[in-house]
Amino acid sequence: MRIIVFGANGPTGRLLTEQALAAGHDVVAVTRRPDDFPIEHGRLTVFGGDVHQPDSVDTAVAGADAVLSALGVPYSKEPITTYSEGIRHIIAAMRRHGVRRIAAVSSSAVDPKRYSEAGFLFNRVLQPYIVRVMGKTLYDDMRRMEALLAATDLEWTVVRPGGLYALPAVTDYTMVEGHADHRYTARVDLAAALLRLAEDDLFARKIVSVVTTTDNPSLFQLVRTEALGKH
């Protein structure tokens, strides 16, 4: 397959690119910083593109068999439009070029629910603060992205991971339609799930959760390594 990866230079995007190449696919890695992209391969095209620019997106999507969006931006108090504007341009390009299959990363925080093993602090204090205050503009834009995809006739899948963290290898992760009662997702598993979705029509026109059920960090470890960058 020829797979287009948007957000290829992020942590999940790099893992996804590596996994797709290892599986024998041709990959177009779309990034605003092509000179910083660390992967080289004979079946890899590193494309300097920006999802905010329709012409750039159109060029990247041409000839694709599937499109995968691993776009990610930091929390901000200012309005965020990267997810919705990016997916709008991607959808338009897919229609022009007759591309049908897309999977896009969103977040479990878009539709927050209580977790049975999380306890009072996470369910009643931390998660509401992250969703309604710290990440409000980000998750609002993810919701707009999801709505734009749902309004199309494309073979779309929205992928909602939990709290993201690093593991060295793919695990026996779980991917289910709707909500999964588990809080954490290893990036390597998220990448594997995206690649799996590109390779077939599994969960077409569905929202799915991807969760890692082994080797999870504690909440303290997740905050320390992911939020504070301490290892």
Side-chain angles (χ1 to χ4, degrees), residues 1-73 82-83 85-106 145 149 152 154-161 164 166-171 173 175 185-204 208 210 212:
M1 298 177 67
R2 182 176 175 86
I3 297 174
I4 317 303
V5 179
F6 287 92
N9 215 6
T12 300
R14 291 179 181 182
L15 292 167
L16 175 57
T17 299
E18 290 174 339
Q19 290 182 16
L21 291 168
H25 302 296
D26 294 333
V27 179
V28 177
V30 184
T31 171
R32 291 180 300 166
R33 304 181 307 277
D35 293 340
D36 296 336
F37 198 69
I39 303 169
E40 295 183 1
H41 196 282
R43 283 183 276 100
L44 172 66
T45 300
V46 181
F47 179 82
D50 188 335
V51 293
H52 293 284
Q53 299 175 355
D55 290 346
S56 172
V57 174
D58 190 81
T59 301
V61 168
D65 294 304
V67 175
L68 300 175
S69 174
L71 292 170
V73 297
T82 299
Y83 300 99
E85 186 174 351
I87 213 69
R88 183 180 292 109
H89 295 156
I90 291 169
I91 289 168
M94 290 177 66
R95 284 172 168 162
R96 278 192 294 272
H97 293 288
V99 183
R100 299 286 301 163
R101 188 63 169 134
I102 179 171
V105 175
S106 182
M145 175 189 72
L149 282 169
T152 74
L154 299 175
E155 298 298 313
W156 57 267
T157 303
V158 167
V159 182
R160 292 177 176 172
L164 293 169
L167 281 181
V170 177
T171 75
Y173 65 88
M175 180 163 55
T185 309
R187 289 187 183 88
V188 69
D189 289 342
L190 175 58
L194 288 165
L195 180 57
R196 182 181 171 195
L197 291 168
E199 291 171 336
D200 59 38
D201 60 358
L202 185 70
F203 296 116
V208 300
V210 176
T212 302

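Numbers here simply count residues along the sequence, with the first being 1. Scope of the values below: all heavy atoms of this structure, side chains included, with no hydrogens, waters or symmetry mates.
Here the straight-line distance linking atom CG of D55 with atom OG1 of T59 works out to 6.5 Å at 0.5 Å rounding. We find the CD1-CG distance between I39 and N9 to be 8.0 Å, quoted to the nearest 0.5 Å. How far OG1 of T31 is from CG of D50: 9.5 Å, rounded to the nearest 0.5 Å. Atom CG in L15 sits 11.5 Å away from atom CG in L195 (nearest 0.5 Å). Between atom CE of residue M145 and atom CH2 of residue W156 there is a gap of 10.5 Å, rounded to the nearest 0.5 Å.
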Only distances under 3.5 Å count here; give the side-chain donor-acceptor pairs of residues 88-95 to other protein atoms, sequence neighbours excluded, each with its distance to 0.1 Å.
from : atom 1 : to  : atom 2 : distance (Å)
H89  : ND1    : V51 : O      : 2.7
H89  : ND1    : E85 : O      : 3.4

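The minimum heavy-atom distance between L71 and G7, with the atom names listed, is CD2-N, 3.7 Å. The nearest pair of heavy atoms linking V57 to F6 is CG1-CZ, 4.0 Å. Minimum heavy-atom separation, T12 to A191: O-CB, 4.1 Å.
By the side-chain hydrogen bond (donor to acceptor under 3.5 Å, both in side chains) test, H25 is found to be paired with E199, residues two or more places apart in sequence or in another chain being considered. Scored by the side chain to side chain contact (heavy atoms under 4.5 Å, CB included) test, A8 finds V5, T17, A29, F37 as partners (sequence neighbours excluded). For T152, there are no side-chain hydrogen bond (donor to acceptor under 3.5 Å, both in side chains) partners at least two apart in sequence or on another chain. For the side-chain hydrogen bond (donor to acceptor under 3.5 Å, both in side chains) test, residues two or more places apart in sequence or in another chain that qualify with T157 are R101. Every residue meeting the side chain to side chain contact (heavy atoms under 4.5 Å, CB included) condition with T171, not counting sequence neighbours, appears here in chain and number order: L167, Y173, D189, T212, T214. Scored by the side chain to side chain contact (heavy atoms under 4.5 Å, CB included) test, D65 finds M1, R2 as partners (sequence neighbours excluded). Annotation: side-chain hydrogen bond (donor to acceptor under 3.5 Å, both in side chains) contacts of S56 (sequence neighbours excluded): none. Under the salt bridge (Lys or Arg N to Asp or Glu O under 4.0 Å) criterion, R96 pairs with D58, not counting sequence neighbours. Not counting sequence neighbours, the partners of R100 by the salt bridge (Lys or Arg N to Asp or Glu O under 4.0 Å) test are D153, E155.
Applying the salt bridge (charged side-chain N to carboxylate O under 4.0 Å, His left out) test to pairs two or more places apart or on separate chains, none has a residue in residues 3-26. For residues 32-43, no residue pair satisfies the side chain to side chain donor-acceptor pair (under 3.5 Å) rule, not counting sequence neighbours.
Here the rule is side-chain contact (heavy atoms from CB on, under 4.5 Å) with I102, and of V67, L68, V61 only V67 fits it.
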